[in-house]
Amino acid sequence: MALVVYNDLTRKKEEFIPSKQGKVSFYVCGPTVYDYFHIGNARPFVLFDVFRRYLESSGYDVLYVQNFTDIDDKMIKRANEMQLTVAELAEQFIAAYYEDADALGVKRANIYPRATHEIDEIINFVKILIEKGHAYTIEGDVYFEVSTFQEYGKLSKQSLDDLQSGARIDIDKRKKNPLDFVLWKASKPGEPLWESPWGKGRPGWHIECSAMSTKYLGDSIDIHGGGSDLIFPHHENEIAQSECASGKQFVKYWLHNAYLMIDKEKMSKSLGNFMTVRDIRKKYNPLILRYFLLSAHYRSPINFSAEGLDQAQKALERIDNCYGDLNFALETRKTGAKDQILTDAIKSADVGVTATMNDDFNTAGALGNIFDAVRAINVHLSKHTDVDVSALQDAKEFLNKVNDIFGFIQRNKDNNENEIDELIKERNLARKTSNFARSDEIRDLLLSRGIIIEDTPQGTRWKKQI
RNA sequence: GGCGGCAUAGCCAAGCGGCUAAGGCAGUGGAUUGCAAAUCCUCCAUCCCCCGUUCGAAUCGGGGUGCCGCCUCCA
């Protein structure tokens with residue numbers, strides 16, 4: 001069964017067929033690095049990370065590129081506020097991005113291009129657009145002329161007329177059309193600048209993605225992802241620039257995620273109703289947020305709440321517990337009779353995850369399959385003293401495979417294991433002599449350090465709190 | 001005004017024409033445990049409203065109601 005994705009360009013589900021067999025070029029719009037990113041921004045980072053991992057686990061060789069926008073009005077404004085140079089500001093928040101994204105289990109991209117490192121590419125791209133008659137200059141600015149691109153509006157499904165009548169932007173009389181957008185911006189005093197054929201200035205926002213994706217992925221790419229709010233104007237403009245420059249189709253599959261909402265409103269910087277991933281990390285294991293973001297389909301809005309995170313935590317604990325119990329059983333129990341029921345359940349969950357993910361990356365549906373496997377494993381462990389080691393190994397392999405895609409299972413061990421083991425030994429001695437006061441004291445002590453004790457017929461085991 | 005999305009149990013959330021409407025959280029009653037924790041078993045919805053299409057609809061069409069988004073920087 002083949003992978004099918006919803007393509008925003010055609011507004012239909014389509015079979016996914018990359019332009020080069022076995023290879024996928026994948027570009028995702030990254031952050032503007034003027035601040036810590038918030039949990040709404042985290043949604044595409046996590047989602048597209050999972051899509052990429054799924055493609056890899058399906059056997060594709062994926063080249064994954066995510067940019068950093070490190071020069072624009074917001075960067076300049078913020079740098080002034082913080083009394084930093086724009087470059088210093090960028091360094092600081094790129095470092096912060098890596099910390100937060102790593103914490104969320106987001107695999108590093110193959111390439112992280114930065115606008116300020118690709119100025120030559122960008123200037124060259126603008127030159128081509130001018131040469132081909134798609135752009136014009138005014139007093140050191142360069143604008144893209146939207147009326148020169150017949151298909152302008154094909155992604156957002158808006159005609160030029162519709163867009164103009166609905167436009168809320170200030171009309172710049174110098175522009176030929178209010179929708180013409182800036183490719184190169186003349187610098188004002190005190191702003192960072194680069195030399196160009198049109199004078200000192202800096203790149204506009206949209207052009208960087210076209211220039212960088214072309215440089216690293218070629219004229220045509222398979223998947224371009226981002227949040228829905230980028231459809232217009234950002235992605236529409238990228239299409240116009242790239243297709244006018246190359247004469248080829250820019251992107252085969254456009255994928256956009258719906259927003260993260262809070263109190264039924266879109267979470268956004270401008271509304272001020274945001275919470276950064278940094279904030280979340282102070283209170284929760286970030287993998288809980290990762291699970292939460294994967295618990296709804298990517299094209300549906302997801303409403304953020306503390307209750308939602310708590311539910312996600314419990315659900316994730318169930319998976320983690322199962323994984324831990326499974327491993328404990330493999331270490332401590334003997335081989336018993338074959339359990340066809342478990343074998344079948346794992347097989348069916350495995351097939352189910354693939355079928356569900358193949359349907360437009362239905363992560364929420366796949367979770368159902370994963371929990372079916374979890375239950376089957378738990379049932380087996382609770383019903384048998386001697387376990388079906390072979391079936392359990394298959395089950396473990398299944399969970400590992402799932403985790404390669406979803407990446408939310410906790411597998412860490414503690415570095416003070418010896419001390420923990422000593423305390424557990426002492427506690428078990430106390431239990432043998434019915435000294436339950438001491439035994440409970442030790443349990444509480446460990447709990448205060450985030451270690452949870454569980455007594456089983458095979459002995460006492462421990463785990464870290466999520 | 002243009003374009004688009006959503007409405008499934010107390011909460012979250014799959015399902016996209018046909019078995020008893022996945023799964024998770026919470027809750028119920030049991031089992032297990034020194035007590036716990038984890039786990040198992042049990043119970044817990046007919047899908048916003050109306051009208052259609054169909055042998056058959058949560059799923060399709062039409063009309064409502066409610067909520068949300070993009071059209072400006074925004075993931």
Side-chain angles (χ1 to χ4, degrees), chain A residues 8 11 13 28-32 37-48 72-74 77 153 156-159 161-170 179 205 225-234 236 256-261 264-271 274 291-292 295-297 299-303 305 307-322 324-325 328 352 356 359 362-372 374-375 377-383 431-432 434-436 439-440 443-444 447 452-457 460-463:
Chain A
D8 277 308
R11 297 209 170 149
K13 283 188 186 177
V28 176
C29 285
T32 301
F37 66 89
H38 64 68
I39 54 183
N41 301 322
R43 193 171 186 197
F45 301 153
V46 167
L47 250 13
F48 292 116
D72 78 336
D73 291 345
K74 292 193 297 277
K77 181 162 176 264
S156 53
K157 302 287 183 280
Q158 297 272 19
S159 70
D161 287 346
D162 292 339
L163 285 164
Q164 280 172 30
S165 62
R168 285 180 278 156
I169 41 179
D170 289 335
L179 292 166
W205 176 37
S228 307
D229 42 6
L230 296 182
I231 292 174
F232 192 90
H234 186 52
E236 198 71 74
H256 294 95
N257 61 277
Y259 307 117
L260 182 112
M261 318 290 283
K264 293 189 172 181
E265 259 187 335
K266 176 187 171 188
M267 178 177 286
S268 73
K269 281 271 166 60
S270 42
L271 288 171
F274 63 90
Y291 178 95
F292 175 76
S295 68
H297 187 85
R299 287 190 284 109
S300 300
I302 185 168
N303 197 53
S305 66
E307 195 190 4
L309 267 197
D310 291 341
Q311 291 187 5
Q313 170 160 2
K314 295 289 190 183
L316 182 52
E317 277 173 3
R318 182 167 163 82
I319 298 173
D320 273 328
N321 287 337
C322 176
D325 295 354
F328 186 73
T356 312
D359 183 9
N362 186 352
T363 55
L367 285 175
N369 296 300
I370 294 168
F371 281 105
D372 288 341
V374 165
R375 157 146 294 121
I377 294 164
N378 286 336
V379 167
H380 179 79
L381 294 180
S382 72
K383 293 240 161 95
R431 289 175 70 215
K432 251 180 205 157
S434 296
N435 183 356
F436 296 121
S439 140
D440 290 349
R443 184 164 63 196
D444 291 344
L447 185 61
I452 296 168
I453 294 293
E454 293 169 354
D455 299 318
T456 80
T460 301
R461 69 182 177 219
W462 63 270
K463 67 187 182 194

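Below, read A as the first sequence line, B as the second, and so on, with proteins coming before strands; counting in each chain starts at 1.
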- Short question: side chain of His38(A), backbone of Asn41(A) - any donor-acceptor pair under 3.5 Å? yes

- Rounded to whole angstrom, note down the C1' distance from rG15(B) over to rC6(B). 15 Å

- Between Arg43(A) and rA75(B), does any side-chain N or O lie under 4.0 Å from OP1 or OP2? no

- Verify the contact: side-chain N or O of Trp462(A) to OP1 or OP2 of rA37(B), cut-off strictly under 4.0 Å; return yes or no. no

- Glu454(A) CD to rG34(B) P: how many Å, rounded? 15 Å

- Query: rA9(B) and rC48(B): how far apart are their C1' atoms, nearest whole angstrom?
  - Reply: 14 Å

- Within the structure shown, what part of the strands sits under 4.0 Å from Asp72(A) by heavy-atom distance: base, sugar-phosphate, or nothing? nothing

- Message: Nearest heavy atom decides the nucleotide; on that basis, is Phe292(A) or Ser228(A) closer to the 5' end of RNA chain B?
- Response: Phe292(A)

- Task: Can you figure out which of rC73(B), rA36(B), rA75(B) approaches the side chain of Arg443(A) most closely?
- Result: rA36(B)

- Selection from rC73(B), rA14(B), rG69(B) that lies nearest to any side-chain heavy atom of Tyr259(A): rG69(B)

- Query: When the distance from CG of Asn303(A) to P of rA7(B) is rounded to whole Å, what number comes out?
  - Reply: 14 Å

- Note on the structure: Out of rU39(B), rC11(B), rG24(B), minimum distance to the side chain of Glu307(A) belongs to rC11(B)

- Query: Looking at rG24(B), rC41(B), rA75(B), which one has an atom nearest to any side-chain atom of Val379(A)?
  - Reply: rC41(B)

- Message: Please check: side-chain N/O of Thr356(A) versus main-chain N/O of Gly352(A), any donor-acceptor pairing under 3.5 Å?
- Response: yes

- Task: Would you state whether a donor and an acceptor, one from the side chain of Ser439(A) and one from the base of rG34(B), lie under 3.5 Å apart?
- Result: yes

- Query: OP1 or OP2 of rG15(B) sitting under 4.0 Å from any side-chain N/O of Asn362(A)?
  - Reply: yes

- Item | Sugar-phosphate, base or nothing in reach of Gly226(A), heavy atoms under 4.0 Å | sugar-phosphate

- Message: Regarding Leu260(A), tell me which of base, sugar-phosphate or nothing describes its non-hydrogen contacts under 4.0 Å with the strands shown.
- Response: base

- Given the C1' atoms of rC44(B) and rG29(B), what is the spacing between them in whole Å? 12 Å

- Message: Taking the P atom in each of rC60(B) and rC47(B), what is the distance between them to the nearest angstrom?
- Response: 15 Å

- Would Arg461(A) and Asp455(A) pass as an ion pair if we require N to O under 4.0 Å? no

- Message: With a 3.5 Å cut-off and heavy atoms only, can you find an N or O donor on one side and an acceptor on the other between the side chain of Gln311(A) and the base of rC11(B)?
- Response: yes

- Message: From C-beta outward on Lys264(A), which listed nucleotide comes closest to its side chain: rC67(B), rA38(B), rC40(B)?
- Response: rC67(B)

- Item | Under-3.5 Å donor-acceptor pair between Arg375(A) side chain and rC41(B) base | no

- Looking at rC35(B), does its base get a donor-acceptor pair with the side chain of Asp455(A) below 3.5 Å? yes

- P spacing across the pair rC19(B) / rU59(B), given as an integer number of angstrom: 14 Å

- Query: Side chain of Tyr291(A), backbone of Leu309(A): donor and acceptor closer than 3.5 Å?
  - Reply: no

- Message: Quick check against the 3.5 Å criterion: does Glu454(A) have a side-chain atom that pairs as donor or acceptor with the backbone of Thr460(A)?
- Response: no

- Select one nucleotide: of rC35(B), rA14(B), rC70(B), the one nearest the side-chain heavy atoms of Asp229(A). rC70(B)

- Message: I want to verify a distance call: between rC70(B), rG34(B), rG2(B), whose nearest atom is closest to the Asp162(A) side chain?
- Response: rG2(B)

- Task: Check if the side chain of Asp440(A) and the base of rG34(B) share a donor-acceptor pair of N or O atoms closer than 3.5 Å.
- Result: yes

- So what does Leu316(A) touch, heavy atoms closer than 4.0 Å: a base, only the sugar-phosphate, or nothing? nothing

- Taking rC25(B), rA38(B), rC40(B) as options, the one with an atom nearest any side-chain atom of Arg461(A) is rA38(B)

- Message: Keeping Arg43(A) on the side-chain end and Asn257(A) on the backbone end, is there a donor-acceptor pair under 3.5 Å?
- Response: no

- Message: From C-beta outward on Ser270(A), which listed nucleotide comes closest to its side chain: rG23(B), rA36(B), rC74(B)?
- Response: rC74(B)

- Message: Considering every strand and a 4.0 Å limit on heavy-atom distances, what is the contact class for Ser295(A): base, sugar-phosphate, or nothing?
- Response: sugar-phosphate

- Query: Can you tell if the side chain of Phe328(A) reaches within under 4.5 Å of the side chain of Thr456(A), non-hydrogen atoms only?
  - Reply: yes

- What is the distance, rounded to the nearest whole Å, between atom NZ of Lys77(A) and atom C1' of rC73(B)? 11 Å

- Message: Whether Asn257(A) contacts rA75(B) is assessed here as follows: a side-chain N or O lying under 4.0 Å from the phosphate OP1 or OP2. Is that the case?
- Response: no

- Task: Assign His297(A) to base, sugar-phosphate, or nothing according to its heavy-atom contacts below 4.0 angstrom with the strands shown.
- Result: sugar-phosphate

- Euclidean distance, atom CZ of residue Phe45(A) to atom C1' of rA75(B) [Å, nearest integer]: 6 Å

- Is there aromatic stacking of Phe37(A) against rA75(B), centre distance under 5.5 Å, plane angle under 30°? no

- Using a cut-off of 4.0 Å on non-hydrogen atoms, how would the nucleic acid contact of Asn378(A) be classed: base, sugar-phosphate, or nothing? sugar-phosphate

- Looking only at side-chain atoms of Phe436(A), point me to the closest of rG34(B), rA75(B), rG4(B). rG34(B)

- Message: Output the rounded distance in Å from CG (Asp161(A)) to C1' (rG2(B)).
- Response: 11 Å

- Message: With a 4.0 Å limit, can you tell me whether Arg318(A) has a side-chain N or O closer than that to the phosphate oxygens OP1/OP2 of rA26(B)?
- Response: no

- Query: What is the distance, rounded to the nearest whole Å, between atom CZ of Phe274(A) and atom C1' of rC74(B)?
  - Reply: 12 Å

- Query: Between Arg299(A) and Ser159(A), who's closer to the 5' end of RNA chain B by nearest nucleotide?
  - Reply: Ser159(A)

- Message: Need one value for Ala296(A): base, sugar-phosphate or nothing, where a base atom within 4.0 Å counts as base even if backbone is also close, heavy atoms only.
- Response: sugar-phosphate

- Message: If we ignore hydrogens and angles and just use 3.5 Å, is the side chain of Asn321(A) paired with the main-chain N or O of Glu317(A) as donor and acceptor?
- Response: yes

- Message: Suppose you measure atom P in rA26(B) against the same atom in rC11(B); what distance do you get, rounded to whole Å?
- Response: 15 Å

- Query: How is Pro31(A) classified with respect to the nucleic acid when contacts are heavy atoms under 4.0 Å: base, sugar-phosphate, or nothing?
  - Reply: nothing

- Please work out if Leu230(A) contacts a base, only the sugar-phosphate, or nothing of the nucleic acid, heavy-atom cut-off 4.0 Å. sugar-phosphate

- Message: I'd like to know if Arg443(A) pairs up with Asp440(A) as an ion pair, taking the criterion as any Lys NZ or Arg NE/NH1/NH2 lying under 4.0 Å from an Asp or Glu carboxylate oxygen.
- Response: yes

- Message: In whole Å, I'd like the distance from the CE atom of Met261(A) to the P atom of rA75(B).
- Response: 16 Å

- Message: With rounding to the closest Å, how many angstrom separate the P atoms on rG10(B) and rG52(B)?
- Response: 29 Å

- Any donor-acceptor pair under 3.5 Å joining the side chain of Lys266(A) to the base of rC68(B)? no

- Rounded distance (Å) that lies between atom C1' of rA14(B) and atom CD1 of Ile302(A): 13 Å

- Task: Please check the phosphate of rC12(B) (OP1 and OP2 only) for any side-chain N or O of Lys314(A) closer than 4.0 Å.
- Result: no

- Query: With rounding to whole Å, what would you report as the distance between rG64(B) and rG2(B) at their P atoms?
  - Reply: 14 Å

